[in-house]
**Q** 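Quick one: structure below, then a few questions.
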Amino acid sequence: MRISGAESQVMEALWRRSPCAAEDIIGEIAQPQGWTEATVKSLLNRLLKKAAVAAEKDGRRFLYRPLVSRQDYVQTESQGLLDRLFDGRLAPLVSHLSQRQALSEEDIAELKRLVEDLDHGR
């Protein structure tokens, strides 16, 4: 399932707090994104059709909750990025990022620890 950038804003709100009413999501993300109430409700409906969220009746309103975990979403998006742009390989991605933006000493130390952990795990 593909979740668009706009839909991911709704998902982030639900991952932070759910179940959540549409009004709560609208109150949290509409103004910062410059969206109307109708836009947020349209995004919720798209996510419902994709089975990324579920809605349960609560009196006169619906409460929404994510059916996709943030961890699974990040994994899928990360793998998609690697596959599309770097032939599924992590090293070219890190190389590209380090060429475009200087890595801090903390970043370099963290990468070294990661590589060391990977070496010890094999």
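Sequential numbering from 1 along the given sequence is applied to the chain's residues.
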**Q** Atom CZ of R16 and atom CD of E28: how far apart are they, to the nearest 0.5 Å?
**A** 4.0 Å
**Q** Within a 6.0 Å radius of atom NZ on K49, are there more than 12 heavy atoms belonging to other residues, nucleotides or ligands?
**A** no
**Q** Would you say L48 ends up clustered with L67 if hydrophobic residues are merged whenever their side chains have heavy atoms under 4.5 Å apart, either directly or through other cluster members?
**A** no
**Q** Is it possible for you to say whether W35 and L44 belong to one hydrophobic cluster, with membership spreading through side-chain heavy-atom contacts below 4.5 Å?
**A** yes
**Q** Is any side-chain heavy atom of S4 closer than 4.5 Å to a side-chain heavy atom of R46?
**A** yes
**Q** If you count every heavy atom of other residues, nucleotides or ligands that lies below 6.0 Å from D58 atom CG, does the total exceed 12?
**A**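 For D58, atom CG is crowded (more than 12 foreign heavy atoms under 6.0 Å).
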**Q** Is it true that a side-chain atom of W15 and a backbone atom of V68 form a donor plus acceptor pair closer than 3.5 Å?
**A** yes
**Q** Any idea which heavy atoms bring G88 and D83 closest together, and the distance?
**A** CA-OD1, 3.4 Å
**Q** Ignoring hydrogens, what is the shortest heavy-atom contact between L90 and L82? Give both atom names and the distance.
**A**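 That would be CA-CD2, 3.9 Å.
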**Q** Honestly curious: do L47 and I29 fall in one hydrophobic cluster under the side-chain, below-4.5 Å linking rule?
**A** yes
**Q** Kindly determine whether R61 and E56 satisfy salt bridge (charged side-chain N to carboxylate O under 4.0 Å, His left out), including the steps that lead there.
**A** CA-CA 8 Å; R61 65 184 186 162; E56 296 173 14; over 6 Å; no
**Q** Got more than 12 heavy atoms from elsewhere within 6.0 Å of CZ, R84?
**A** yes
**Q** If you count every heavy atom of other residues, nucleotides or ligands that lies below 6.0 Å from E23 atom CD, does the total exceed 12?
**A**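 Atom CD in E23 is crowded, with more than 12 foreign heavy atoms closer than 6.0 Å.
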**Q** Can you tell me if H96 uses its side chain to pair, donor with acceptor, with the backbone of P92 under 3.5 Å?
**A**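 It does not hold such a pair.
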**Q** Sub-3.5 Å donor-acceptor pair from the side chain of S98 to the main-chain atoms of S95, do we have one?
**A**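 Yes; at least one donor-acceptor contact below 3.5 Å.
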**Q** Is there a path of hydrophobic side-chain contacts, each under 4.5 Å between heavy atoms, that joins L43 and M1?
**A** yes
**Q** Going by distance alone, is a donor N or O of one side chain under 3.5 Å from an acceptor N or O of the other, for T39 and S42?
**A** no
**Q** List the steps and the verdict of side chain to side chain contact (heavy atoms under 4.5 Å, CB included) for V115 and L111.
**A** CA-CA 6 Å; V115 169; L111 286 169; 5.6 Å; no
**Q** Among K112, R113, H120, which one satisfies side chain to side chain contact (heavy atoms under 4.5 Å, CB included) with E116?
**A**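 Looking at K112, R113, H120, the match for E116 under the side chain to side chain contact (heavy atoms under 4.5 Å, CB included) is H120.
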**Q** So, for I25 and A13, which heavy atoms are closest and what is the spacing to 0.1 Å?
**A**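 Shortest heavy-atom separation between I25 and A13 comes out as CG2-CB, 4.4 Å.
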**Q** Does the side chain of V40 come within less than 4.5 Å of Q9's, by heavy atoms?
**A** no
**Q** Test E7 against R2 for salt bridge (charged side-chain N to carboxylate O under 4.0 Å, His left out), laying out the working first.
**A** CA-CA 10 Å; E7 292 166 345; R2 296 286 303 154; over 6 Å; no
**Q** Say whether L81 and Y73 are linked into one hydrophobic cluster, either directly or through other cluster members, by side-chain heavy-atom distances under 4.5 angstrom.
**A**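 Each belongs to a different hydrophobic cluster.
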**Q** Kindly give the heavy-atom pair with the smallest separation between S8 and I3, and that separation in Å.
**A** N-CG2, 3.6 Å
**Q** Specify the closest pair of heavy atoms between S18 and Y64, including all atoms of both residues, with the distance to one decimal.
**A**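 It is CB-O, 3.9 Å.
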**Q** Rounded to the nearest 0.5 Å, how far apart are CZ of R70 and CG of D72?
**A**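 Here the rounded value is 12.0 Å.
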**Q** Mind listing the closest non-hydrogen atom pair of A52 and M11 along with its distance?
**A** O-CE, 3.7 Å
